[in-house]
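Some notes on the structure that comes next.
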Amino acid sequence: MAQNSSVKKTKHSFSYWQWRTIFGTMIGYAIFYFVRKNLSFAIPGLTAEYGISKASFGALIAIVSLIYGISKLINGFLADRTNGRWHMAIGLSVCSIANFIFGAGALICAYFVGADYGKEFVTALIVLFGVLLIVNNIFQGCGFPPCNRLMTHWVPPHELSTKMSIWNTSHSIGAFVAAVLCGFIMGHMGTDETANNELRARIVENTKDATAAMDPTQATNYVNNLLEHFGAWQWAFWIPAAIAAVGVIFIIVTLRDTPKSVGLPELPGSVKTGKSPEDKQAHRKFIMEHVIKNKIVWILALGDFFVYIVRMAVLDWGPTFLQESRGLSPTLAATVVAMFEIFGVIGMLTAGLITDKLFKGRGQRTSVFCMLGVILFVAAFCFFPAETDPLILCIFLICAGFFVYGPQALIGVIASNQVTRRGASSANGIIGFVSYIAPIVSAFVFGLLADNPSCGWEGVFKIMILVGVAGMITMATLWKLKADAYETDESKIETAELNEDSNDD
C-alpha cells in the first residue's frame, strides 16, 4: 500500500514538473522573440529619422539571420552537453543587454561622432546596429536548442509529438505579443515634434519613397504620425529588453535541467553518458549515412527555405509595407502582423490534426495543400484593386498566415520520423540552418526591390507568389513518402535497445 502511494506521489510530482517545464520553456522562448523581432517595428521610425534605407536594413537582417542559423546549428550540439536552464538564461541575458544598447545607439553614436545627424553619424549608427545584431543573433541561438533538450528529458517519446505541437505555439505567441507591444510603443510613445519645421523637412525627404504612392492627405498624416512619436523606436528596444531581463529571472526560478535534478527518476531510454569510442563511431556513421547523405532531409530543408522566405518577409517587412503600401497606421499594421501570427497558431494545430487523421502521418501531403493556400491568399492580397478596402486586403494576408505555419511545424516532424530519433536533432539542425539562409532573399533582396521604384512592394509580392509555388512543388516530390522510417533494420535495432534500457530501468 505504501509502495503504491509512493509511486502515485512520484507520478504526480513528475507530471507537475513536466508541465512546469513545458510552460516555462514556452514563456521563456516566447520572450526571446521580444528582443529579436522588435527591430522590424522600429525600422519605419529609424528610416524616417535618419534616412537609413530599407536595403541597408535588409542587408543587416540577411547577414544576422544567417548567423542565427549557424548559431542554432552550433548550439544544437552544445545543448546536448550543457544545463538547459542556464544555457537558455545566459542567452537571454546577453540579448537583453544588447537591446538596451540598441535603444541608446543614437546617443552613443552622437557622443563619439559629435553630431546627431549626417552621413558620418548614420554610418556609425549602421555599424553599431550591425555589431549588436550579430551579438544578439549569436545568443538568440541559445533559445530553441536548450528548450528541445529540456523537452526530451521531461516528455517521454510517445507523448513528444503532441506536447511539442503545443510547445511550438510559443513561436507565434512570442511574435504576436511582440507585435502588439511594439505596435503600441510606436503608436503611443516618443516625443511630439510637429512644430519643428527643420525636422519635418528631414522626415519628408527621408520618407519620399514611402509616400510617393500616397495621396497628399495620407502622406501628410503619415509624416505627422512620425513627428508625434519621434524617438519611439528607442522604447521599442528598451521595454522588450526590460521584459527579457525579468524573463531571465523567470527561467532560473522555473526550470530544472533533468528529473534527476529534483530527485525524480529519469525517463526510460534516456541517453547515458560515458559512451565507448565504438558507440561514438557508430553514432557518427549513422549521422553521416542516414542524415547528412539523406536526400529527404535536403528536400525538406529546401521546402523549409521557401516557407521561411514567405513567413520572414511578412514578419520583417510587414509593419513597413503595410504602412507604405496600404496606408495603415503603425498600430493597425502591427495588429495585422499580430493576427498573422494568431492565425498561424490555429493553422499549425489544424495542420497537425489533418496530418494525423486524414493523411495518417504524411505531413508532406498536408504541406502541399498549405502552400496552395499561401499562394492563393498572397495572390489575392497582391492583385486585388488598390481601391479595395484595406481591411479585406489585410484579411487575405492574415489567411496566408494560417496556411504558411502548417509546413513550418510539419517539416521538422517529417524529418524526425524519416531519420528516427537517433538523428532527429541533427536533421532539424540542418533544416534550421538552411531555413535561415532564406532572409538573404526575404530581407536583403526584397529590401532592394522595395527601394526600386520600378518594382516596389507589388513586385515583392509577385515574387512571394512564385516562392510559394516553388515550395508547393518541392513538398509534392515527397507525396508518396511513407509516414516514417521506423520499419528499417537500423530502427528496429534502436527500438530494441531502447526497450531493453526501459526494462533494465
Side-chain angles (χ1 to χ4, degrees), residues 10 12-38 68 71-72 74-104 132 134-156 160 163-164 166-178 181-182 237-267 270-271 273 425 432:
T10 299
H12 181 271
S13 181
F14 191 92
S15 178
Y16 163 77
W17 277 101
Q18 183 188 82
W19 284 105
R20 175 167 165 166
T21 301
I22 291 171
F23 288 118
T25 51
M26 284 179 68
I27 293 170
Y29 188 68
I31 294 174
F32 271 87
Y33 270 71
F34 287 31
V35 285
R36 180 168 154 224
K37 288 301 175 186
N38 50 343
Y68 175 61
S71 178
K72 281 185 75 173
I74 294 172
N75 277 285
F77 290 105
L78 289 176
D80 288 331
R81 298 171 176 83
T82 58
N83 184 300
R85 172 196 186 197
W86 290 105
H87 191 170
M88 197 174 178
I90 291 169
L92 189 57
S93 296
V94 176
C95 292
S96 174
I97 294 168
N99 273 263
F100 274 118
I101 301 173
F102 262 125
L132 290 171
I134 289 171
V135 172
N136 192 55
N137 279 268
I138 287 173
F139 285 90
Q140 282 285 337
C142 299
F144 176 75
C147 287
N148 188 62
R149 169 189 165 82
L150 288 162
M151 289 290 287
T152 55
H153 274 275
W154 283 100
V155 182
L160 192 58
K163 290 176 179 176
M164 274 301 289
I166 296 171
W167 185 91
N168 263 302
T169 61
S170 61
H171 297 261
S172 295
I173 292 170
F176 168 77
V177 178
L181 174 66
C182 293
F237 290 111
W238 284 333
I239 293 176
I243 294 172
V246 175
V248 172
I249 299 171
F250 171 82
I251 288 168
I252 295 171
V253 171
T254 305
L255 302 179
R256 295 296 182 272
D257 191 47
T258 63
K260 185 178 179 180
S261 64
V262 291
L264 293 170
E266 295 287 349
L267 291 172
S270 294
V271 177
T273 58
S425 295

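Side-chain atoms are counted along with the backbone in the values below, which use heavy atoms only and exclude waters and symmetry mates. Please read these numbers as outputs of a predicted model, since none were measured by experiment.
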Handout entry: D257 side chain vs L150 backbone, donor-acceptor pair below 3.5 Å
Key = no
Handout entry: Donor-acceptor under 3.5 Å (S170 side chain, W167 main chain)
Key = yes
Handout entry: All ring pair (Phe, Tyr, Trp, His ring centres under 6.0 Å) counterparts of Y16, not counting sequence neighbours
Key = none
Fill in the blank from the handout: What one should report as the nearest heavy-atom pair of I31 and A244 is CG2-CA, 3.6 Å
Fill in the blank from the handout: Rounded to the nearest 0.5 Å, the CD1 atom of I243 sits from the CG atom of L92 at a distance of 11.0 Å
Fill in the blank from the handout: Sequence neighbours excluded, the answer for side chain to side chain donor-acceptor pair (under 3.5 Å) partners of N137 is none
Problem - Value rounded to 0.5 Å, distance of CD1 in I90 from SG in C142 - result: 8.0 Å
Handout entry: Check against side chain to side chain donor-acceptor pair (under 3.5 Å), S71 and N75
Key = CA-CA 6 Å; S71 178; N75 277 285; 3.0 Å; yes
Problem - From R36 atom CZ to Y68 atom OH, the distance as rounded to the nearest 0.5 Å - result: 4.0 Å
Exercise for the section: State which residues pass ring pair (Phe, Tyr, Trp, His ring centres under 6.0 Å) with F34; sequence neighbours excluded, sorted by chain then number. Expected result: none
Handout entry: Least distance between heavy atoms, L181 atom then P240 atom
Key = CD2-CG, 4.3 Å
Exercise for the section: Go through the structure and list residues passing side chain to side chain donor-acceptor pair (under 3.5 Å) with T21, not counting sequence neighbours. Expected result: none
Practice task
Apply side chain to side chain contact (heavy atoms under 4.5 Å, CB included) to A104 and list each qualifying residue two or more places apart in sequence or on a separate chain.
Solution key: I108, W238
Fill in the blank from the handout: S13 and L264 have their tightest heavy-atom pair at OG-CD2, 3.7 Å
Completion exercise
Rounding to 0.5 Å, atoms OG1 (T254) and CZ (F23) come to a distance of 12.5 Å
Problem - Contacts of T169 that satisfy side chain to side chain contact (heavy atoms under 4.5 Å, CB included) - sequence neighbours left out - result: M26, I173, V345, L349
Handout entry: N99 side-chain N/O to C95 backbone N/O, donor-acceptor pair under 3.5 Å
Key = yes
Fill in the blank from the handout: Distance col, row C147:SG vs R85:CZ, nearest 0.5 angstrom, shows 14.0 Å
Exercise for the section: Please name the pair of heavy atoms, one in Q140 and one in F32, separated by the smallest distance, quoted to 0.1 Å. Expected result: NE2-O, 3.2 Å
Exercise for the section: Assess whether ring-ring contact (aromatic ring centres under 6.0 Å, His included) is satisfied between W19 and F14, documenting all intermediate values. Expected result: CA-CA 9 Å; W19 284 105; F14 191 92; over 10 Å; no
Practice task
Write down the atom of A98, the atom of N136, and the distance for their closest heavy-atom approach.
Solution key: CB-OD1, 4.2 Å
Completion exercise
Applying side chain to side chain contact (heavy atoms under 4.5 Å, CB included) to I97 and not counting sequence neighbours gives I101
Problem - Contacts of type side chain to side chain donor-acceptor pair (under 3.5 Å), residue S96, not counting sequence neighbours - result: none
Handout entry: Residues that I138 engages under side chain to side chain contact (heavy atoms under 4.5 Å, CB included), provided they are two or more places apart
Key = I67, I134
Practice task
Report the residues that fulfil ring pair (Phe, Tyr, Trp, His ring centres under 6.0 Å) with Y33, sequence neighbours left out, ordered by chain and then residue number.
Solution key: Y29
Practice task
Identify the heavy atoms of M88 and T25 that sit nearest to each other, and give their distance.
Solution key: CE-O, 3.8 Å
Problem - Test ring pair (Phe, Tyr, Trp, His ring centres under 6.0 Å) applied to W86 - qualifying residues, sequence neighbours left out - result: none
Handout entry: Close side-chain approach of I22 and W154, heavy atoms under 4.5 Å
Key = no
